[in-house]
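Reviewing the structure listed below.
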Amino acid sequence: MKFEHQQAAHCESGVISNLMRHHGVPMTESMALGLSSALSFAYLPFIKLSGLPLISYRMPPKAIIKGLLAPMAARFRFETFRSAEAGAQRLDALLAGGQIVGLQTSVYWLPYFPPNMRFHFNAHNLLVYGKEGDDYLISDPVFEEPVRCASADLSRARFAKGVLAPKGLMYYPQAIERKTVDAASVTKAIRKTVRTMLAPIPIVGVRGMRTLARRMQKLPPSDPRSVDFIGHVVRMQEEIGTGGAGFRFIYAGFLQEAAQLLDKPQLQQMSERLIAIGDGWRAFALKAARMVKGREPVDPAALAGKLREQAQQEETFFRDLRAVVA
């Protein structure tokens, strides 16, 4: 079967929805994100990226892929390698056998990314669907068209060191026994996301947003490190893995699909509310970016206030969503 590339908003949800479609499952990116209960928020000050805390708007890497295994009655094989040579040999063998293979890579070492988009982030997912000469044929879902990557560059990206080091991780389906999404799985997935977002843990969900707001409130406006922190929050939100607004928009699409599947028109209204919340995240990011670029005075307290507004809106939203699927 010829592989068809389709651009997506986010790498992991794009990769798994492309892979599912290739294997006969009509799955959208929105359904992949929602069905895997991957929407979340976490402020993790004990995990550092370039010396700054990890801020995540989704569940950890591989959560979208693994989250689809149970609802689709699927089995995937995940493989890591001790050496780049072993990883390359295994990839070539699978491609020669006609397999489409998912990889976890570092954005920094992928030369087809524009230089200003390359940074040390080791959890970027892509699909490899063939090889011609020394070039791998790649379906990277954040790009409009398929791309090529020389074997040495792809090897470097697969075996990058640091936080979330991929260790050559590859994955592919061994069996997908369910070809359609059922209503019970969708309801279960929504309830799980609600529990995550309303969790009584200070670094997760809406409470995690408030913890980050308190941290931002304390930033001294005149300290250059405050600008670094604010810039890092924006990058984690809008560049690394789609982030705040993007994930809300994708999940809103899932709720639209769920409204039809569950015959619950209220979910369509919840979808529209979540789009408005996503717009709020975009406004927050824009204000922060203007401060970083010197177009507005650095005002951490103002950003903290906007973050608290987002947290309050999301708390109300997820409480109402819980009631809809009760």
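Quick caveat: nothing in here was measured; it's all calculated off a predicted structure.
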Less than 3.5 Å apart, any donor N or O on the side chain of [X] or [Y] sitting next to an acceptor on the other?
X      : Y      : answer
Glu257 : Ser30  : no
Arg158 : Gln104 : no
Asp140 : His124 : yes

Q: For Tyr171 and Glu79, run side chain to side chain contact (heavy atoms under 4.5 Å, CB included): C-alpha distance rounded to whole Å, both residues' side-chain angles, the deciding distance at 0.1 Å, then the answer.
A: CA-CA 6 Å; Tyr171 49 88; Glu79 300 180 24; over 6 Å; no
Q | Six-ring centre of Phe76, Lys62 cation under 6.0 angstrom, axis tolerance 45° | A | no
(Q) For Phe318, does the six-membered ring have the charged nitrogen or CZ of Arg195 within the cation-pi criterion, i.e. under 6.0 angstrom from the centroid and within 45° of the normal? (A) no
(Q) Does Arg308 form a salt bridge (Lys or Arg N to Asp or Glu O under 4.0 Å) with Glu315? I'd like the steps, not just the answer. (A) CA-CA 10 Å; Arg308 289 190 188 97; Glu315 181 174 3; over 6 Å; no
Neighbour count above 12 (heavy atom, 6.0 Å) for [X] [atom1]:
X      : atom1 : answer
Asp263 : CG    : no
Glu144 : CD    : no
Gln7   : CD    : yes
Phe229 : CZ    : yes
Glu4   : CD    : no

Which heavy atom of [X] sits nearest a heavy atom of [Y], and at what distance?
X      : Y      : answer
Pro173 : His23  : CG-NE2, 3.4 Å
Phe254 : Leu35  : CE1-N, 3.9 Å
Pro26  : Lys179 : CD-O, 3.4 Å

Distance check, rounded to the nearest 0.5 Å: [X] atom [atom1] versus [Y] atom [atom2]?
X      : Y      : atom1 : atom2 : result
Ser17  : Ile250 : OG    : CD1   : 9.5 Å
Ser106 : Leu154 : OG    : CG    : 11.0 Å
Leu274 : Arg248 : CG    : CZ    : 7.0 Å
Cys11  : Ile16  : SG    : CD1   : 12.0 Å

Q. Between Trp281 and Phe284, what is the ring plane arrangement, given parallel below 30°, perpendicular above 60°, and tilted in between?
A. perpendicular
Q) Can you say whether the rings of His22 and Phe3 are parallel (under 30°), tilted (30 to 60°) or perpendicular (over 60°)? A) tilted
Q: Group every Ile, Leu, Val, Met, Phe, Trp and Tyr by side-chain heavy-atom contacts under 4.5 Å, then state whether Ile230 and Leu307 land in the same group.
A: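 In one cluster: yes.
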Q | Verify same cluster id: Trp109, Leu103 (apolar side-chain graph, 4.5 Å) | A |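 They do not share one cluster, since no chain of ILVMFWY contacts under 4.5 Å joins Trp109 to Leu103.
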Can you give each donor-acceptor pair under 3.5 Å made by side-chain atoms of residues 289-298, sequence neighbours left out, with the distance rounded to 0.1 Å?
unit_1	atom_1	unit_2	atom_2	d
Arg290	NE	Glu296	OE2	3.1
Glu296	OE1	Lys287	NZ	3.1

